[in-house]
Amino acid sequence: MRRLAPAAAMAGLLGLAGLSAQPPSPQTWTISAAPPELRATISRADVMIATMQDALLRELQDGLARGGPAGALASCHLDAAALSERLARSHGIPAGRTSDRLRQPANAARPWAAGIVREHAGQRARDIEGFAVDLGDRLGVIRPIAERPMCAGCHGPAESLSPAVRDALAARYPADRAIGFQDGEIRGWYWVEMPKVLR
């Protein structure tokens, strides 16, 4: 039996380790450049994103009316998280929100979305339509969330946050990084992992 020299054996092991450590990146398209056969799947994902967005905006507006920005903090996270869980349970479709500056660590980007989130941090939401990512039997769809004036009381520059909001953030989200956004900037993303074929 022929034995490899130690250097050759090590190079072979490192080569194999390198191959297994870096899986191929999934195919990614901007929404408008996605193949025609994925349009129906993207449309279904967009319906779920619109459902999340509408429910969140409704709860946020109610929270702001009841207690201003500090009062809206509770509904913004809790209701959005509950809605994502309901969608996942009722449809079996994972969905949620993420950001490059998280308020809640549980909202960390899925591996397929992490590079997109990092790459577009700080950009204007109107310049980014969103992306479709091939996940095999599913399609990841991710759309930007724009910072709006109604969000600034909790997500705007630190110096503009009221003392009540600062106190609520410190108590509820000690690791909060979701502040300092400018109007129109990408504050976060809605994402969905939609099956390509409905069962």
Side-chain angles (χ1 to χ4, degrees), residues 25-34 38-39 41-61 63 72-73 75-88 91-136 138-157 169 173 175-196:
S25 297
Q27 178 70 51
T28 301
W29 304 269
T30 59
I31 296 293
S32 60
L38 297 177
R39 296 273 172 228
T41 305
I42 291 169
S43 293
R44 290 194 308 272
D46 281 342
V47 167
M48 290 191 69
I49 288 171
T51 301
M52 284 191 291
Q53 182 177 25
D54 290 348
L56 178 61
L57 287 175
R58 211 170 26 252
E59 291 298 329
L60 182 57
Q61 288 166 343
L73 271 172
S75 65
C76 186
H77 171 69
L78 296 176
D79 293 324
L83 175 64
S84 297
E85 289 171 14
R86 276 198 314 272
L87 287 170
H91 299 286
I93 298 170
R97 294 181 304 164
T98 191
S99 178
D100 66 297
R101 288 184 256 168
L102 294 171
R103 176 149 288 167
Q104 179 72 2
N107 289 342
R110 301 281 235 202
W112 62 266
I116 293 169
V117 171
R118 265 192 318 274
E119 182 180 345
H120 298 286
Q123 294 184 18
R124 303 213 32 97
R126 70 175 181 217
D127 298 331
I128 308 295
E129 61 175 323
F131 299 90
V133 180
D134 192 340
L135 304 175
R138 294 163 296 129
L139 188 70
V141 175
I142 185 166
R143 297 273 195 175
I145 302 170
E147 172 73 0
R148 301 177 180 194
M150 71 183 297
C151 307
C154 297
H155 293 284
L169 287 173
Y173 306 106
D176 179 47
R177 295 180 52 236
I179 61 171
F181 293 100
Q182 302 299 318
D183 189 40
E185 184 180 354
I186 295 175
R187 180 172 56 76
W189 302 79
Y190 290 108
W191 60 268
V192 177
E193 292 182 5
M194 181 63 68
K196 288 181 182 174

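The shortest non-hydrogen separation linking T41 to P195 is CG2-O, 3.7 Å. Closest approach of A178 and H155 over heavy atoms only: O-ND1, 2.8 Å. Among all heavy-atom pairs drawn from M52 and W191, the shortest one is CE-O, 3.9 Å. Among all heavy-atom pairs drawn from D176 and I179, the shortest one is OD2-CG2, 3.6 Å. Nearest heavy-atom pair, Q182 versus P157, reported as atom, atom and distance to 0.1 Å: NE2-CG, 3.9 Å. Smallest separation of non-hydrogen atoms from S32 and E129: OG-OE2, 2.7 Å.
Within 6.0 Å of CZ in R101 there are more than 12 heavy atoms belonging to other residues, nucleotides or ligands.
Once rounded to the nearest 0.5 Å, the distance linking OG1 of T51 with CG of D46 reads 10.5 Å. Here the CG-CE distance, from L57 to M150, works out to 5.5 Å after rounding to the nearest 0.5 Å. To the nearest 0.5 Å, atoms CZ (R97) and CD1 (I145) are separated by 6.0 Å. One finds the CG atom of D127 at 11.0 Å from the NE2 atom of H120 (value rounded to the nearest 0.5 Å). Atom CD1 of I42 and atom CG of L139 lie 5.5 Å apart (nearest 0.5 Å). Here CD of Q104 is found 12.5 Å from OG of S99. Values are rounded to the nearest 0.5 Å.
Taking 4.5 Å as the limit, some side-chain heavy atom of I128 sits within range of a side-chain heavy atom of W189. At least one side-chain heavy atom of C154 sits under 4.5 Å from a side-chain heavy atom of R103. You'll find the side chain of I142 stays beyond 4.5 Å of the side chain of Y190, heavy atoms only. With contacts defined as side-chain heavy-atom distances shorter than 4.5 Å, the pair R187/C151 qualifies. Looking at heavy atoms from C-beta onward, R44 lies out of side-chain contact with V141 at the 4.5 angstrom threshold.
Remark: the backbone N or O of D100 is paired with a side-chain donor or acceptor of R177 at under 3.5 angstrom. At least one donor-acceptor pair closer than 3.5 Å links the side chain of T98 to the backbone N or O of N107. Using modelled atom types, no side-chain atom of R148 and backbone atom of D183 make a donor-acceptor pair closer than 3.5 Å.
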Please table the atom pairs, donor to acceptor, closer than 3.5 Å between any side-chain atom in residues 108-119 and protein atoms at least two apart or in another chain.
| residue | atom | partner | partner atom | Å |
| --- | --- | --- | --- | --- |
| R110 | NE | E193 | OE2 | 2.9 |
| W112 | NE1 | E193 | OE2 | 2.7 |

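We find that D134 and K196 are joined by a salt bridge, their nearest charged nitrogen and carboxylate oxygen being less than 4.0 Å apart.
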